[in-house]
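Encoded as C-alpha cells, the structure appears first; notes follow it.
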Amino acid sequence: ELSPVFRVVIKTTAPLAPVIVSVDGKTTQGFTISKTNPTVAGTAEALSTVEIFNGSTSLGNTTTNAAGNYSFIPASLADGNYALTAKAKDLAGNISVASNAFSFKIDNSAPLAPVIVSVNNITIQNQIINNNKPPIAGTAEPNSTVQIFRDTTSLGFANVDAVGKYTFIPTVALPDFAIKKKKKTK
C-alpha cells in the first residue's frame, strides 16, 4: 500500500526586486520633509517580507499583502539625506536584489536667523538713504523663504537661492523706519 502524498513546493528563484513607489505620499524624489517617520509604500512579490534599508543599514521590515502591496513606517529618523532601498524575501527564503534607491531629505531643525547684509547696497548700519524702495539683500538657509518686517508689519517675502542669498525689493514706497527681518517657518 502507498503512503499518503507528501507535497512540497520547491522554489529556488529569488523574487523580483521590490519597488518603492512613494515616501510620505510623494512619488517623485529629491524632496525635503520635516516628518521624521514618513510612510514608505511600494510593491513586491505577494506575501513576501520586505526589508527597508538606508544604505546598508536596515530600518526594519514589513510584509506584502496578497496583491503585493506594502507599507512601512520607520522609527524616528534623524535630519539628513536618505536613499532608501528595499529587498524582498519570499516564503521559501529566497532574497531579491535591492530595489532602485528612493532619495529624499529630512530637515526637522529650525533654521538659523537670516542676516541682512545690505540695504540699498550699503553694508554699514545706521546710514541714511533717500531710496524709499531700497533693495534689501541678505543670507539665510538655502531654498527657504525670508519674511521682511517693519516692526510687526510684514513688508513681504523673498525666496532664498540654493547658495543662501536673497534680495527683497519693496513693492510700495516705504516711509521713514528701521528695517528688520524674520525667518518664515518652512
Side-chain angles (χ1 to χ4, degrees), residues 2-115 138-147 157-166 181-186:
L2 296 175
S3 64
V5 175
F6 188 87
R7 296 187 190 267
V8 68
V9 175
I10 298 174
K11 183 175 185 294
T12 60
T13 305
L16 296 175
V19 175
I20 297 176
V21 174
S22 67
V23 172
D24 201 38
K26 295 171 179 38
T27 57
T28 57
Q29 300 186 44
F31 57 87
T32 300
I33 56 172
S34 61
K35 189 174 184 181
T36 60
N37 59 344
T39 300
V40 179
T43 59
E45 183 174 303
L47 306 176
S48 63
T49 299
V50 177
E51 189 169 9
I52 307 296
F53 295 87
N54 180 44
S56 61
T57 303
S58 176
L59 300 179
N61 57 53
T62 187
T63 55
T64 60
N65 61 20
N69 298 310
Y70 68 87
S71 180
F72 172 77
I73 299 174
S76 186
L77 301 173
D79 282 4
N81 294 310
Y82 288 85
L84 301 185
T85 58
K87 289 184 180 180
K89 182 166 76 171
D90 63 21
L91 295 173
N94 301 306
I95 299 173
S96 72
V97 297
S99 69
N100 290 330
F102 194 105
S103 300
F104 63 98
K105 180 180 180 179
I106 294 178
D107 182 358
N108 195 34
S109 300
L112 298 174
V115 175
T139 59
E141 181 177 318
N143 303 311
S144 64
T145 301
V146 173
Q147 187 170 13
F157 298 89
N159 292 322
V160 183
D161 66 21
V163 295
K165 295 182 179 182
Y166 69 88
K181 81 292 184 195
K182 190 175 188 181
K183 175 71 178 81
K184 181 184 178 198
T185 306
K186 288 185 176 182

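Position 1 is the first residue of the sequence, and the numbers go up from there. All heavy atoms count here, side chains included; hydrogens, waters and symmetry mates do not.
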Contacts of Ala46 meeting side chain to side chain contact (heavy atoms under 4.5 Å, CB included) (sequence neighbours excluded), chain-then-number -> none
Let me confirm one number: the [atom1]-[atom2] distance from [X] to [Y], rounded to the nearest 0.5 Å.
| X | Y | atom1 | atom2 | answer |
| --- | --- | --- | --- | --- |
| Leu84 | Leu77 | CG | CG | 7.5 Å |
| Ile95 | Asp90 | CD1 | CG | 9.0 Å |
| Thr145 | Asn159 | OG1 | CG | 4.5 Å |
| Ile33 | Asp107 | CD1 | CG | 10.5 Å |
| Thr32 | Asn108 | OG1 | CG | 12.0 Å |

What heavy-atom pair brings [X] and [Y] nearest, and what distance separates the two atoms?
| X | Y | result |
| --- | --- | --- |
| Ala162 | Pro142 | O-CB, 3.3 Å |
| Ala14 | Asn94 | CA-CB, 3.7 Å |
| Ala140 | Pro114 | CB-CB, 3.7 Å |

Any donor-acceptor N or O pair under 3.5 Å, side chains Asp79, Ser109: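 Present: a donor and an acceptor within the cut-off.
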Ignoring hydrogens and angles, tell me if any N or O in the side chain of Ser99 forms a donor-acceptor pair with the backbone of Ile20 under 3.5 Å. no
Report yes if the side chains of Val19 and Tyr70 come closer than 4.5 Å at any heavy-atom pair, otherwise no. no
Is there side-chain contact between Pro38 and Phe104, with heavy atoms separated by less than 4.5 Å?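 A side-chain contact under 4.5 Å exists here.
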Using the side-chain contact (heavy atoms from CB on, under 4.5 Å) rule, take Phe72 and Val50 through it: C-alpha gap first, then chi angles, then the decisive distance, then the call. CA-CA 9 Å; Phe72 172 77; Val50 177; over 6 Å; no
Could you check whether atom NZ of Lys11 has more than 12 heavy atoms from other residues, nucleotides or ligands sitting under 6.0 Å from it? yes
Could you give the side-chain donor-acceptor pairs of residues 21-31 under 3.5 Å, partners two or more places apart or in another chain?
unit_1	atom_1	unit_2	atom_2	d
Asp24	OD1	Lys35	NZ	3.4
Gln29	OE1	Ser103	N	2.6
Gln29	NE2	Ala101	O	3.3

Under 3.5 Å donor-acceptor pairs involving side-chain atoms of residues 53-64, not counting sequence neighbours:
unit_1	atom_1	unit_2	atom_2	d
Asn54	OD1	Ala83	N	3.0
Ser58	OG	Glu51	OE2	2.6
Ser58	OG	Gly60	N	3.3
Thr62	OG1	Ser71	O	3.2
Thr64	OG1	Glu45	O	2.8
Thr64	OG1	Leu47	N	2.7
Thr64	OG1	Ser48	N	2.9
Thr64	OG1	Ser48	O	3.4

